[in-house]
Asks: 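One structure, as structure tokens, below. Some questions next.
First the proteins, then the strands, lettered A, B, ... as listed; each starts at 1. Just so it is clear, the model here is predicted, and its values are computed rather than measured.
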Number of protein chains: 2
Amino acid sequence: MAKTTTPQKAAAARQRGVTMSDVAQHAGVSRTAVSFVLSNRENASISEETRIRINDAVQALGYRPNAGARALASQRSDWYGLVTEIVTAPFAVDIIKGAQDQAWLDRRFLLIAPSDQADAVGPNQGLEDAAVEKLLEQRVEGLLYAATFHRGVHVPESAHEVPTVLINCFDADGKLPSIVPDERAGGRVAVERLLQAGHSRIGVINLDPRIPAAVGRLEGAREALAGAGLELDPDLVVSGYATADGGYEAACEILDRHPKNQRPTALFCLNDRMAMGAYDAIKERGLTIPGDIAVIGFDNQELIAAYLRPKLTTVALPFEKMGALGVQTLAALTAGQPITADQQLVDCPLLERSSV
Amino acid sequence: MAKTTTPQKAAAARQRGVTMSDVAQHAGVSRTAVSFVLSNRENASISEETRIRINDAVQALGYRPNAGARALASQRSDWYGLVTEIVTAPFAVDIIKGAQDQAWLDRRFLLIAPSDQADAVGPNQGLEDAAVEKLLEQRVEGLLYAATFHRGVHVPESAHEVPTVLINCFDADGKLPSIVPDERAGGRVAVERLLQAGHSRIGVINLDPRIPAAVGRLEGAREALAGAGLELDPDLVVSGYATADGGYEAACEILDRHPKNQRPTALFCLNDRMAMGAYDAIKERGLTIPGDIAVIGFDNQELIAAYLRPKLTTVALPFEKMGALGVQTLAALTAGQPITADQQLVDCPLLERSSV
DNA sequence: CGTCTCAAGTAACGCGAGTTACCTGCAGCA
DNA sequence: TGCTGCAGGTAACTCGCGTTACTTGAGACG
């Protein structure tokens with residue numbers, strides 16, 4: 001914080017763009033010397049005295065390196081590209097946060113390009129060609145692709161020109177490394193929590209059974225039950241739309257289908273929005289949470305989970321961590337690590353609140 | 001879509017970096033000619049024939065311009081910097097979306113730099129120096145600063161070196177242009193809607209009365225009432241924390257404070273989270289929405305408003321529009337329009353759902 | 001037939017840096 | 001004295017592209 005620059009001087013100078021040559025002239029040395037000092041060159045022989053003179057000149061003139069010129073000369077850009085539909089469909093924003101923070105730590109820049117393929121199906125699903133093309137024009141050293149929900153995607157050819165890592169989705173063609181949530185472990189931990197609370201009749205409000213999240217979470221639920229010597233009762237599993245209304249309807253069905261004494265005492269909702277609807281169904285019937293019926297969700301959508309009454313116990317999707325891990329993985333790849341199609345599973349931690 | 005490049009060839013070539021010179025050589029012309037064709041130069045005299053030859057060469061080699069080099073040579077970068085805490089505190093994400101989309105349309109790139117000043121108070125509130133510095137090193141042509149909630153911010157010196165526009169906040173020093181929601185009009189439209197539905201005893205669940213949002217929205221509410229010859233009853237205004245719990249408590253107070261016949265028949269909640277809590281308070285008392293009590297919110301936080309039962313009628317904060325407008329304003333400034341400290345107000349539209 | 005003009009294109013410089021190869025002078029050593 | 005070696009630098013080339021000034025050849029015109 002030892003800036004001795006007078007703001008006026010510095011500002012005025014910057015307007016016209018202070019270059020290394022200006023600094024060199026001011027310090028009475030060659031531009032090369034300045035370059036050596038600024039890039040902290042190991043084996044450069046610059047006396048302590050001139051090093052100081054140069055640094056002083058930098059301060060005095062308010063010199064600021066030109067990142068573009070540096071990239072051009074050094075053939076390295078310090079930039080990663082992030083293609084994502086998250087900007088378009090604001091869910092899983094924490095992926096961006098995690099990636100941003102990690103990139104910032106690594107002194108790299110994230111160029112974010114929007115993709116609007118969230119709901120696309122068919123040949124063009126996945127990365128958007130135009131976005132990738134634009135990013136490659138910026139000479140990004142690597143690409144990240146982040147999806148709003150866990151699924152398989154197709155990646156365009158050009159993305160293979162630089163190291164690429166998928167976040168919250170995986171390569172349908174099985175060539176690229178990816179970072180995805182460990183849905184199965186998450187489902188297991190959720191149901192284990194319910195078992196631990198003494199529940200044995202557990203209802204499940206399922207998602208569309210074809211998506212990876214549903215498959216994994218349900219599988220995990222089965223494992224947990226099996227661990228307690230129980231089986232998943234098909235009568236207690238109802239699928240619905242992934243919305244509050246869907247959850248409401250599914251919960252109504254589960255609750256009304258059975259006589260009181262065979263009714264489940266706990267509901268595992270495969271996402272928080274459905275849990276939100278389930279709350280309504282339960283309350284409407286004069287039942288209490290968690291007294292009469294315990295509820296556990298999945299996703300940890302803060303706006304819902306933290307604001308429902310009672311607050312919702314849920315399994316969190318590790319968005320931020322996945323984002324950070326994506327950047328770290330990409331860093332390793334750009335540093336020369338061989339590219340494999342590994343799928344890294346990230347833990348989904350249980351968030352205890354008040355609904356169990 | 002008439003790409004005739006064979007993927008293999010193009011990809012291989014790109015690896016080593018196809019330059020303009022390569023294209024020139026392939027087409028049998030000078031590099032200058034290629035440059036002229038690619039930049040669509042008005043007064044360049046290039047015959048149709050060679051123009052085609054050059055374009056063919058571009059396709060054949062899979063040439064991709066180097067954005068950095070272009071910026072260096074032309075002294076213009078096509079980049080805007082967006083400094084924001086939204087990445088850190090994912091609210092108002094639609095500002096980013098709006099800005100992104102607009103920038104994309106304008107063929108400009110948005111460099112997003114995180115700031116974590118959301119809750120900072122004091123001298124360092126506002127833009128983060130480091131983020132701005134980093135962006136200026138990238139030679140962005142302008143800066144945007146976006147806040148998660150409407151407030152005054154302080155901007156560091158260096159941000160004044162390039163055109164800067166504030167989104168969802170305003171310059172506490174009164175020097176920079178800004179884009180903010182028209183809170184007052186929003187408050188007015190909300191209460192007018194309630195009046196129109198026949199309500200005359202309207203309760204208000206207020207935010208911290210010191211923040212601009214509260215001031216504006218309440219002012220608007222007063223205007224609407226005045227328009228109907230009514231006044232705001234201080235007994236019907238309760239402030240609370242901007243959370244569901246805060247709204248719950250405030251609603252309880254308003255509802256229980258008065259005998260049944262003097263109880264308000266409608267609640268204007270100054271944000272949706274508080275409305276969420278108010279719902280609970282109302283339902284707990286065996287009252288229905290909107291039958292017994294109408295509720296109107298503010299913010300249009302989709303996850304809440306669209307999933308509450310009944311769905312919440314609310315006034316939307318025009319995040320996306322503000323983002324787009326920010327980029328447009330910045331474009332005008334970088335194009336040479338004089339910089340003024342204008343504060344542009346953006347309309348907050350009413351979103352009719354089912355709670356009124 | 002000589003000159004002028006214009007279409008069509010090219011050579012060469014500069015943008016702001018990184019990087020390599022080279023230069024200079026002084027100390028040490030035989 | 002003459003040679004070597006090294007600390008302390010510098011000149012010059014390069015990155016990929018925009019841009020200005022200049023060249024060349026062919027047709028028009030008097």
Asks: Which nucleotide in the set C:dT20, C:dA17, D:dT20 lies at the smallest distance from any side-chain heavy atom of A:T19?
Replies: C:dA17
Asks: Just the rounded figure in Å: distance from P of C:dC15 to CD of B:Q138.
Replies: 21 Å
Asks: Checking only heavy atoms, does the side chain of B:S30 share a donor-acceptor pair with the base of C:dA11 at less than 3.5 Å?
Replies: no
Asks: Verify the contact: side-chain N or O of A:S47 to OP1 or OP2 of D:dG9, cut-off strictly under 4.0 Å; return yes or no.
Replies: yes
Asks: Map A:I46 and B:S74 onto DNA chain D by nearest heavy atom, then report which one ends up closer to the 5' terminus.
Replies: A:I46
Asks: Which nucleotide wins on minimum distance to the side chain of A:F36, given the candidates C:dT20, D:dC17, D:dC15?
Replies: C:dT20
Asks: Rounded off to whole Å, could you give me the CZ-to-P distance for the B:R51 and C:dA7 pair?
Replies: 14 Å
Asks: Which nucleotide wins on minimum distance to the side chain of B:S35, given the candidates D:dC15, D:dA11, D:dT19?
Replies: D:dT19
Asks: Find the bend of the helix from C:dC1-D:dG30 to C:dA30-D:dT1 as the angle between its two terminal axes (five pairs each), to the nearest 10°.
Replies: 70°
Asks: Would you mind telling me which of D:dC17, D:dT19, C:dG16 lies closest to the side-chain atoms of B:Y63?
Replies: D:dC17
Asks: If you compare every side-chain N and O of B:R70 against the phosphate oxygens of D:dC17 (OP1, OP2), does one of them come in below 4.0 Å?
Replies: no
Asks: For C:dA8, does the base pair up with any side-chain atom of B:T50 as donor and acceptor (N or O, under 3.5 Å, distance only)?
Replies: no
Asks: Kindly point out which of D:dC15, D:dG18, C:dT10 is positioned nearest to the side chain of B:R31?
Replies: D:dG18
Asks: Using only heavy-atom distances, decide whether a donor-acceptor pair under 3.5 angstrom links the side-chain of B:S45 to the base of C:dA8.
Replies: yes
Asks: Give A:V29 one of three labels, base, sugar-phosphate or nothing, depending on what nucleic acid heavy atoms sit under 4.0 Å from its own.
Replies: sugar-phosphate
Asks: For A:R76 and C:dT19, is the shortest distance between a side-chain N/O and OP1 or OP2 below 4.0 Å?
Replies: no
